Amino acid sequence: MLDIKWIRDNPAAFDSALGSRGMEPMSGALLALDARRREAQTEAQAVQEDRNRLSKEVGAAKARGEDAAEIIARVGQLKERQGELEAAQKAAEAELNEVLAGIPNIPAADVPVGEDEAANVELRRHGAPPAFDFEPKQHFELGELLGQMDFETAARLSGARFVLLSGALARLERALGQFMLDLHTGEHGYTEVQPPVLVRDDALFGTGQLPKFAEDLYRTGDGYWLIPTAEVPLTNIVAGQMVDEGYLPRRYTALTPCFRSEAGAAGKDTRGMLRQHQFDKVELVSITHPDESEAELERKTACAEEVLKRLGLHYRTVVLSTGDMGFSATKTYDIEVWLPGQGTYREISSCSNCGDFQARRMNARFKPAGEKGTRFVHTLNGSGIAVGRALIAVMENYQQADGSIVVPEALRPYMGGRDVIGAPE
RNA sequence: GGAGGGAUGGCAGAGCGGUAAUGCAGCGGAUUGCUAAUCCGUCUACCCGAUAGGGUAGCGGGGGUUCGAAUCCCCCUCCCUCCGCCA
């Protein structure tokens, strides 16, 4: 949620930020609404002031044994007027909040301006694509060859966009998750969390999925939502809290299933397990002091990249353009891993600084030392990393001519020492 | 699912129709060789105001009664305890 006071003071910057996201200017309409709200409020408060004063006079008059009927009549008139003003104020405020809740965050000044992903800017690459002396296969070909990646059975159980892994591949998925959690908790200072994966409306409003993106989510019959990412429960840990400044930054990680309806992705990436309704992801969330969020984004991205480095995977890191960024972000880095079977880079992690946008929505604040009042914390999230996609990347990059898959060294301790999948036992 | 209890400022905790006690913590200031102690101030949000300052609201949320509601009434949400069911 944006700060209406900021919009009041910076209408031009606000409109140009909207423009960079491909939206029409809105400051005029918003400020008119804001003015309407404040006028009604100011007047209602003046009436209330009179009313309070008169009510005290009633008490005083009665204490002296005098008749207060006349004063009481005057209060009655004021009350009616106040009711009208308050109704006007509430209506304007509700409308203002509704509009504000649907406006995306302001991109940071150093984010490249552009319409879509074509304007994203590559920042760096790590490693190089592996060389093959045969035609590398895609992950689903490899998986089906191994007999351990079964889309048919999954479809029978659940329909399209589900998969059933078994045997060594199932274990590889588990190994990847454990490896990532151990890295982030053991070396990167994150606290491991096992959060609920069913949440209430408020939590999804806080991180920005609601009210605008309800169609991307699954909902249970009794009104819970399935999380599309652990960003939701992890960030909402501080919702409504006054956090201790000395306790910032707070860093949380969790390995959870994520559920997405993929409503807007009909026909996209239908083969294989690149885009599923359910997938595992290790999430990295940070709650920081406002002065530290920029540096924290760099740190977090490095934590995610470290996973790929240890797995020996080639990747590139890009900064998303204004037109490609998510709703709540001020700045986002995507990490794209090389998939030799597809011969292309695919997103495997997305790290964002949301500034105070989410904190405002969930009212997460701290009291700065030596300052009056309170401030909103900053929140960041990032995948560290998507486990299903990491599985794909390992399979395609570590495949051999016979269809077997070499287990990256970092994962072998988690695979019972095993070094190849598909080779004779 | 059944039966009770509860929700008040950062925390603890009173108030149960006359307009938010008190304690602790934090922060600011005063005082004092140092430390400590003591004293004073300090809740939050919003509105008006160039500043100084002034005002309004907030006792889980929303309605209602009343001149006046944290206190009374109605609806809702959440938390806790016990029973039942259950991984």
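Atom set for the values below is all heavy atoms of this structure, side chains included, hydrogens, waters and symmetry mates excluded. None of the values given here were measured: they were computed from a predicted structure. So you know, we letter chains A, B, ... as the sequences are listed, proteins then strands, and number each from 1.
Residue-environment remark: CD (A:Glu115) stays at or below the threshold of 12 foreign heavy atoms within 6.0 Å. Atom OH of A:Tyr218 has more than 12 neighbouring heavy atoms from other residues, nucleotides or ligands inside a 6.0 Å radius.
Taking atom P in both B:C73 and B:G17, one finds a spacing of 11 Å when rounded to whole Å. Taking atom C1' on both B:C78 and B:C86, the two are 23 Å apart, rounded to the nearest angstrom. Rounded to whole Å, the P atom of B:U77 lies 24 Å from the corresponding atom of B:A70. A gap of 47 Å separates the P atoms of B:G64 and B:G29, to the nearest Å. Across B:U35 and B:G49, the matching P atoms stand 46 Å from one another, rounded to whole Å. Here the separation of B:U65 from B:A69, taken at their C1' atoms, is 10 Å to the nearest Å. Between B:G18 and B:A12, the two P atoms lie 27 Å apart (nearest whole Å). Using atom C1' as the reference point in both B:G26 and B:C72, the two lie 38 Å apart (nearest Å).
Results of the side-chain contact (heavy atoms from CB on, under 4.5 Å) test with A:Gln358 over A:Glu231, A:Met1, A:His378 single out A:Glu231 as the only residue that passes. Under the side-chain contact (heavy atoms from CB on, under 4.5 Å) test applied with A:Phe366, the options A:Leu248, A:Asp244, A:Ile287, A:Thr374 reduce to a single match, A:Leu248.
Proximity of A:Arg37 to the phosphate of B:C47: a side-chain N or O atom is located under 4.0 Å from OP1 or OP2. For A:Arg200 and B:C79, the shortest distance from a side-chain N or O to OP1 or OP2 is below 4.0 Å. Regarding contacts with the backbone of B:G49, every side-chain N or O of A:Arg38 stays at 4.0 angstrom or more from both OP1 and OP2. Neither OP1 nor OP2 of B:C67 sits under 4.0 Å from any side-chain N or O of A:Arg74. Residue A:Thr42 has no polar side-chain atom (N or O) positioned under 4.0 Å from OP1 or OP2 of B:C46.
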Checklist entry - Could you run down nucleotides 51-62 of chain B 5' to 3' and tag each one B, S or - for protein heavy-atom contact under 4.0 Å? => result ----BBS-----

Next on the checklist: Dot-bracket for RNA chain B, please. Rules: Watson-Crick or G-U, both distances under 3.5 Å, ( ) within the strand, [ ] when a pair crosses earlier ones, | for another strand, . otherwise.
Outcome noted: ((((((((.[[[..)..(...]]].(((((.......)))))((((((....)))))).[[[[[..)....]]]]])))))))....

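Using a distance-only test at 3.5 Å, with no hydrogens or angles considered, no donor-acceptor pair links the side chain of A:His289 to the main chain of A:Pro249.
Using a 4.0 Å heavy-atom distance criterion, A:Arg36 is classed as making no nucleic acid contact. In this structure, A:Arg53 reaches neither bases nor backbone, as no heavy-atom distance under 4.0 Å exists between it and the strands shown.
In terms of heavy-atom proximity, A:Leu172 sits nearest to A:Val394 at CD2-CG1, 4.3 Å.
The aromatic rings of A:His188 and A:His184 lie tilted to each other, with the angle between the two planes from 30° to 60°.
In this structure, of B:U44, B:C47, B:U66, it is B:U66 that holds the atom nearest to the side chain of A:Lys79.
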